[in-house]
Undergrad: 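The structure that follows is given in the form of structure tokens.
These values consider heavy atoms only, across backbone and side chains, with no hydrogens, waters or symmetry-generated copies. Predicted model, so just to flag it, every value in this text is computed and none were measured.
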There are 4 protein chains.
Amino acid sequence: MNKMIKQHIVVAQNASGRNMNVPLYRFIGAKPGPKVYIQSSIHGAEVQGNVVIYQLIQYLKHMPLNGEIILVPNCNPVGTNIKAGEYTLGRFDPVNGTNWNRGYFYDQALIHQFAESIENHESVDSIKSRFREKIKAQLQQKLDETWGIGLAQRLNLKLQQLAFDADYVLDLHNGPVATRHIYVPEYAIESAKCFNIPHVILIPQVFSGALDEATFCPWWLLSDLVSAKRQKAVNFEVEAFTLEMGSQEVVNFTEGEYDAKSILAFLTAKKCLTSGGISAERITRKAVYLKDYKILYTQEGGIVEYVAKPGEHIAQGQLLAKVLNVDNLDNEMATSDILAPCDLIPILHFPSASVLSGTQLYKCFTHYFEL
Amino acid sequence: MNKMIKQHIVVAQNASGRNMNVPLYRFIGAKPGPKVYIQSSIHGAEVQGNVVIYQLIQYLKHMPLNGEIILVPNCNPVGTNIKAGEYTLGRFDPVNGTNWNRGYFYDQALIHQFAESIENHESVDSIKSRFREKIKAQLQQKLDETWGIGLAQRLNLKLQQLAFDADYVLDLHNGPVATRHIYVPEYAIESAKCFNIPHVILIPQVFSGALDEATFCPWWLLSDLVSAKRQKAVNFEVEAFTLEMGSQEVVNFTEGEYDAKSILAFLTAKKCLTSGGISAERITRKAVYLKDYKILYTQEGGIVEYVAKPGEHIAQGQLLAKVLNVDNLDNEMATSDILAPCDLIPILHFPSASVLSGTQLYKCFTHYFEL
Amino acid sequence: MNKMIKQHIVVAQNASGRNMNVPLYRFIGAKPGPKVYIQSSIHGAEVQGNVVIYQLIQYLKHMPLNGEIILVPNCNPVGTNIKAGEYTLGRFDPVNGTNWNRGYFYDQALIHQFAESIENHESVDSIKSRFREKIKAQLQQKLDETWGIGLAQRLNLKLQQLAFDADYVLDLHNGPVATRHIYVPEYAIESAKCFNIPHVILIPQVFSGALDEATFCPWWLLSDLVSAKRQKAVNFEVEAFTLEMGSQEVVNFTEGEYDAKSILAFLTAKKCLTSGGISAERITRKAVYLKDYKILYTQEGGIVEYVAKPGEHIAQGQLLAKVLNVDNLDNEMATSDILAPCDLIPILHFPSASVLSGTQLYKCFTHYFEL
Amino acid sequence: MNKMIKQHIVVAQNASGRNMNVPLYRFIGAKPGPKVYIQSSIHGAEVQGNVVIYQLIQYLKHMPLNGEIILVPNCNPVGTNIKAGEYTLGRFDPVNGTNWNRGYFYDQALIHQFAESIENHESVDSIKSRFREKIKAQLQQKLDETWGIGLAQRLNLKLQQLAFDADYVLDLHNGPVATRHIYVPEYAIESAKCFNIPHVILIPQVFSGALDEATFCPWWLLSDLVSAKRQKAVNFEVEAFTLEMGSQEVVNFTEGEYDAKSILAFLTAKKCLTSGGISAERITRKAVYLKDYKILYTQEGGIVEYVAKPGEHIAQGQLLAKVLNVDNLDNEMATSDILAPCDLIPILHFPSASVLSGTQLYKCFTHYFEL
């Protein structure tokens with residue numbers, strides 16, 4: 001059966017001078033196969049992924065594995081433990097506002113340079129292996145900077161060192177108040193059907209700092225460059241996804257088991273699991289290109305009822321939200337309606353009823369299509 | 001019909017040197033009757049009361065009133081507007097941790113002294129009128145302190161100046177994640193049946209700084225003193241309640257209308273409304289004495305699923321919550337169960353799945369009884 | 001020479017399910033003598049005491065001790081590690097606003113009851129020993145509550161278990177922007193002269209939750225009760241002090257050595273140190289009764305220059321602070337002056353130039369006198 | 001003499017539904033001349049600039065002006081008023097971590113496109129005027145987005161609408177604990193000598209979201225493009241600077257007057273002031289290129305004494321800071337020294353003694369030279 005190794009990795013030190021570490025569960029199959037890396041809770045309030053990893057581990061104790069799976073729950077011991085009022089201030093470093101999921105490494109120039117180094121007859125395996133060493137050497141060099149590096153970036157690079165070895169990377173998140181959705185690189189659109197996740201966002205080859213992008217962008221660009229050079233498609237079979245497992249600040253063990261099965265279905269499809277095992281459910285999947293995943297900002301401040309629920313289909317002109325203005329309770333300006341600017345599916349909404357103007361009220365699928 | 005006057009009252013000044021004010025809607029009936037004072041959102045994240053006041057105003061435009069109702073929505077313009085992450089940091093002053101609902105004024109000695117001043121044949125009306133002047137003079141004196149007073153206390157005293165004139169005071173709050181409940185002074189237990197609120201906490205004559213206590217404690221003590229002196233029950237017919245209208249950070253206009261009707265039923269029972277109007281619903285009401293309203297604290301830190309929902313009846317030993325420990329996902333310490341220490345009804349629970357040890361996980365009715 | 005034992009005490013568990021502990025350094029002298037307890041940083045941003053304890057330890061390695069000294073630096077591992085912006089949010093639990101220094105235990109009734117149990121001929125040593133057991137049993141009972149206790153209270157009681165064994169308790173704090181000052185129970189006024197601290201606040205027998213009060217109030221009350229009973233002064237020789245070592249958010253090793261010497265001078269006076277050792281400096285000490293230690297609150301919000309510096313003597317009517325109002329920069333309301341309401345010494349001021357109305361601008365000695 | 005107009009501009013609405021506005025003081029000279037735009041406190045805790053603008057206004061009441069000066073103190077009414085503990089959480093939106101000074105608009109493609117539209121004989125004045133209209137139209141279009149825009153971005157664009165009309169833009173900031181320094185675009189290096197500011201950072205033509213960059217980058221690029229086309233230097237005489245006037249959370253009226261004179265010296269040099277007026281002081285100015293302005297991050301967490309003070313010249317290997325580790329106070333790991341990695345001038349340091357690993361401890365001039 002699978003071998004299980006548990007470790008802890010130091011990623012920071014707190015003001016008491018104590019190490020802060022993340023747990024790492026490594027399952028090694030009896031047979032060779034792909035490497036998989038799964039982490040959760042890089043945003044500290046998005047904790048359902050920890051339950052999903054717990055449920056995954058219960059399965060992996062008994063399901064024969066090909067290759068290796070690394071599971072890193074609660075991968076941000078700083079962000080998990082910052083309270084501001086009753087809630088967890090988990091999206092960004094409270095010192096400087098740095099989003100915990102925007103400091104991963106990607107350097108286009110380096111990839112172009114590496115592509116130059118590839119000889120015409122080098123095998124895909126050899127390229128992959130050399131590329132991994134190259135990128136990991138870069139990560140180590142940045143971690144060893146004489147002048148040091150920032151807290152969030154160090155955390156990100158330490159995790160990326162683990163993740164960059166993997167063929168499949170899953171980063172488990174939650175939305176504020178959200179329905180399940182997944183970010184998928186455009187080239188891996190078929191893989192979106194392996195998960196039990198009804199809403200799919202297709203991402204272009206653009207890097208904005210997140211782990212999924214930091215994983216797929218290098219391979220994608222390298223694939224483009226090598227394919228162009230060799231005049232035929234060269235595919236490195238590396239994929240990365242951000243899975244949004246419902247709402248932040250909430251966990252549910254039953255849903256966690258459902259989510260774990262969804263991931264097991266993906267792993268089965270990718271032949272990480274020996275037995276026929278688990279397959280994805282037959283659900284309808286709606287997809288959008290990233291440019292059609294729109295943020296609706298409030299134009300006014302006030303108290304908001306979120307009338308449209310995540311996952312509902314809303315027609316243009318239909319009521320999304322109702323805003324109360326406390327200075328006008330006696331007249332017709334007491335409430336104002338926020339209407340859908342076009343047909344859309346709200347995927348998530350802001351988790352507080354009190355909003356300033358310019359708040360991200362909803363994020364919505366527009367021009368969506370069935371996968 | 002009723003006359004409506006709208007005002008704004010300055011309660012603070014911000015760092016930009018700008019006044020911060022609260023809106024005040026005053027409805028004056030054609031006929032004399034009791035005075036009622038209703039405020040909402042002294043805790044900034046507890047916003048449903050604003051919607052309830054909005055719905056009340058829609059009714060009061062058309063229902064003939066006896067006496068006067070003052071409505072003060074959004075009565076804490078400071079606390080409403082402090083964000084810490086996406087949520088509102090509304091329970092306490094972020095500068096010093098002062099709970100916004102603990103700075104009202106109450107002075108036992110003053111009341112004893114006032115009771116001394118009452119002659120044997122002074123009428124109840126005269127006593128009430130003189131007592132109000134006495135207390136309000138004290139409030140003004142504190143507001144005029146040469147050395148100044150703190151932000152929360154000034155806000156509280158400014159509101160108390162309005163509230164102390166009233167015969168009925170309703171302070172509209174929300175719990176974190178909560179079912180509807182109401183705090184009722186023990187002497188007003190019959191009034192608990194006038195509201196559509198299924199859970200009732202009976203409060204003794206103890207002051208811990210809140211508006212309801214600051215209202216009923218003085219009258220209650222005065223009533224005790226005068227009754228003792230005159231050797232017969234002297235009742236001033238002043239009551240005050242804290243109504244917890246569900247969960248914080250959420251508003252719902254439909255539920256707001258239900259809550260407004262609940263208050264209108266109370267006002268009808270107290271003859272503030274002329275027409276037969278609205279009466280309370282026939283619901284089961286469970287009550288506890290304050291001493292039996294217990295807080296369950298976590299003994300450990302971790303990620304929590306709140307299995308028992310607010311309002312459910314839970315037997316001793318039944319599962320309340322399940323805690324995940326991320327360092328032990330591979331062994332039997334992965335989860336631990338928190339069981340009910342006795343038969344109870346959870347009334348509210350903590351709103352975040354991430355808890356440190358010593359967190360108020362649940363507040364529960366124990367030894368409850370039917371009203 | 002002295003024996004040194006280092007331990008760690010678990011006081012909480014964080015959301016990652018990890019223990020949070022405080023370091024404890026115990027120095028045991030070769031000869032018997034008093035027990036001393038010194039802690040620092042119960043308020044997380046008040047960190048100079050950690051440096052003072054570091055400097056004390058350097059001395060205690062070489063100075064023969066009578067009795068025992070327990071040093072607990074950084075005694076609040078939660079509060080030390082909460083950042084909100086660049087600063088440490090260290091005065092209160094960010095979840096609920098509970099001041100970390102207000103949850104110690106004191107129960108008057110218990111002490112009255114204990115005093116009843118004292119026989120006329122019981123020795124002071126026997127009373128002390130029995131009283132300590134009694135209180136510590138109470139502390140343990142509260143820690144073992146079925147329903148649990150809150151985070152701040154657990155931390156406080158765990159520390160109080162250590163402190164209540166001591167004859168001398170020193171709690172090391174800092175003010176916001178402050179000159180050095182010390183809180184001294186009125187009965188221990190002579191001890192104030194043993195420290196190198198120029199400003200002394202004399203505290204009555206009133207408990208408001210802090211460690212010094214939780215230490216001296218029980219002994220003081222017990223002393224009063226036993227003295228009354230026996231009709232002669234019975235003194236238990238227990239003293240407790242809060243030392244405010246300058247400003248928060250700043251440490252200075254050189255000043256830390258000066259402060260360490262100040263404490264060594266006190267310990268020498270109390271015969272905890274064998275050798276003649278270190279004596280207090282000849283400095284002028286100004287003292288006030290607590291009632292004359294006044295808070296000056298702003299009446300307006302704005303941008304403030306703190307013109308009067310902590311420790312300066314300010315005459316009535318002299319300029320304390322100047323407030324800028326950004327909406328009136330072109331007219332004579334641009335600035336307003338805050339003047340001293342009487343002769344005073346500002347001891348500390350608010351650490352930010354931006355204030356809302358109702359901010360504690362200054363805390364001041366009034367009606368002070370020389371010790 | 002100069003005409004003065006005061007206005008207020010609405011930039012946001014809070015959760016109470018109330019407008020949040022910034023004051024604007026516009027001084028119009030009797031004679032034509034350049035337009036100047038000066039704002040302060042876009043970062044809410046950096047308040048000294050408000051005092052500087054106050055002092056500037058006192059001068060501008062009496063000094064004849066050429067052209068026009070717009071002064072916008074306290075330009076961020078949201079960020080100024082967020083407290084987290086006693087300090088102002090002013091660098092970023094507390095909801096999402098967005099830095100208040102990173103949402104200004106710049107679009108290279110648009111400028112290339114505009115440059116195409118310039119005919120060979122179009123005058124510099126005509127180009128400037130058309131370019132301003134073009135950019136301002138873009139700003140308005142973004143403000144009018146159907147789906148809305150974020151709070152910080154709206155604030156930024158509203159201010160940029162005012163600033164983009166100006167020839168000289170000064171954005172007044174403060175560092176955490178800092179000596180005075182100024183950011184200057186490389187092409188305006190001579191202007192650095194017009195201010196009384198001893199430390200100068202020279203910025204390349206790179207945009208990272210700040211107001212100064214959003215002002216000079218477009219003109220710089222346009223200048224490059226037009227110059228290339230016309231094969232001779234075309235200069236639009238537009239300059240923008242970020243002035244860091246010492247430390248945040250502190251104001252000082254006397255220093256504010258000195259800073260105001262520094263700005264008046266610049267304005268005199270640029271002929272905005274008629275009379276010979278005020279000239280810059282003869283001080284030594286040290287400058288660096290942006291790439292040599294280095295951040296030193298801590299590698300460890302702990303309690304820090306900042307030994308090296310901002311503005312001091314520190315040699316390689318000299319002590320910068322000393323870190324205390326509370327778990328090792330009894331051994332040689334109690335303190336560790338952070339040494340200068342090369343010759344440097346610390347310009348600013350972190351404002352709290354408590355740091356996690358990865359904190360920006362110091363920002364330093366390296367490879368600096370005299371201007």
Undergrad: Which pair of heavy atoms, one from B:Q13 and one from C:G301, lies closest together, and at what distance?
TA: OE1-N, 2.8 Å
Undergrad: Listed by residue number, which members of residues 148-156 of chain B have a heavy atom under 4.5 Å from any heavy atom of chain C?
TA: B:G148, B:I149, B:G150, B:L151, B:R154
Undergrad: Taking every non-hydrogen pair under 4.5 Å, which of B:C364, B:P94, B:G302 racks up the most with chain C?
TA: B:G302
Undergrad: What part of C:V78 is in contact with chain B, defined as an atom under 4.5 angstrom from a non-hydrogen atom: side chain, backbone, both or neither?
TA: side chain
Undergrad: Out of curiosity, C:L296 CG to B:E145 CD, how far, rounded to the nearest 0.5 Å?
TA: 11.0 Å
Undergrad: Counting only heavy atoms closer than 4.5 Å, note whether C:T366 contacts chain B via side chain, backbone, both or neither.
TA: side chain
Undergrad: Identify which of B:A15, B:A12, B:G17 forms the greatest number of heavy-atom pairs closer than 4.5 Å to chain C.
TA: B:A15
Undergrad: Where does C:N325 contact chain B at under 4.5 Å (heavy atoms): side chain, backbone, both or neither?
TA: side chain
Undergrad: What part of C:I295 gets closer than 4.5 Å to chain B, counting heavy atoms only: side chain, backbone, both or neither?
TA: backbone
Undergrad: Please flag which part of C:V355 lies under 4.5 Å from any non-hydrogen atom of chain B: side chain, backbone, both or neither.
TA: backbone
Undergrad: Just give me the residue among C:K294, C:E300, C:M20, C:Q360 that pairs up with chain B most often, heavy atom to heavy atom, under 4.5 Å.
TA: C:K294
Undergrad: If you count heavy atoms of other groups shown closer than 6.0 angstrom to NZ of B:K142, is the number above 12?
TA: no
Undergrad: Which distance, rounded to the nearest 0.5 Å, do you find between the OG of B:S16 and the CD1 of C:I303?
TA: 7.0 Å
Undergrad: Shorter than 4.5 Å, heavy atoms on both sides: which option in C:L89, C:D93, C:D327 has the most such pairs with chain B?
TA: C:D327
Undergrad: Can you name the nearest heavy-atom pair linking C:V95 to B:F350, along with the distance?
TA: CG1-CE1, 3.7 Å
Undergrad: Enter the distance from B:T359:OG1 to C:N96:CG here, rounded to the nearest 0.5 Å.
TA: 8.5 Å
Undergrad: What part of C:F92 is in contact with chain B, defined as an atom under 4.5 angstrom from a non-hydrogen atom: side chain, backbone, both or neither?
TA: side chain
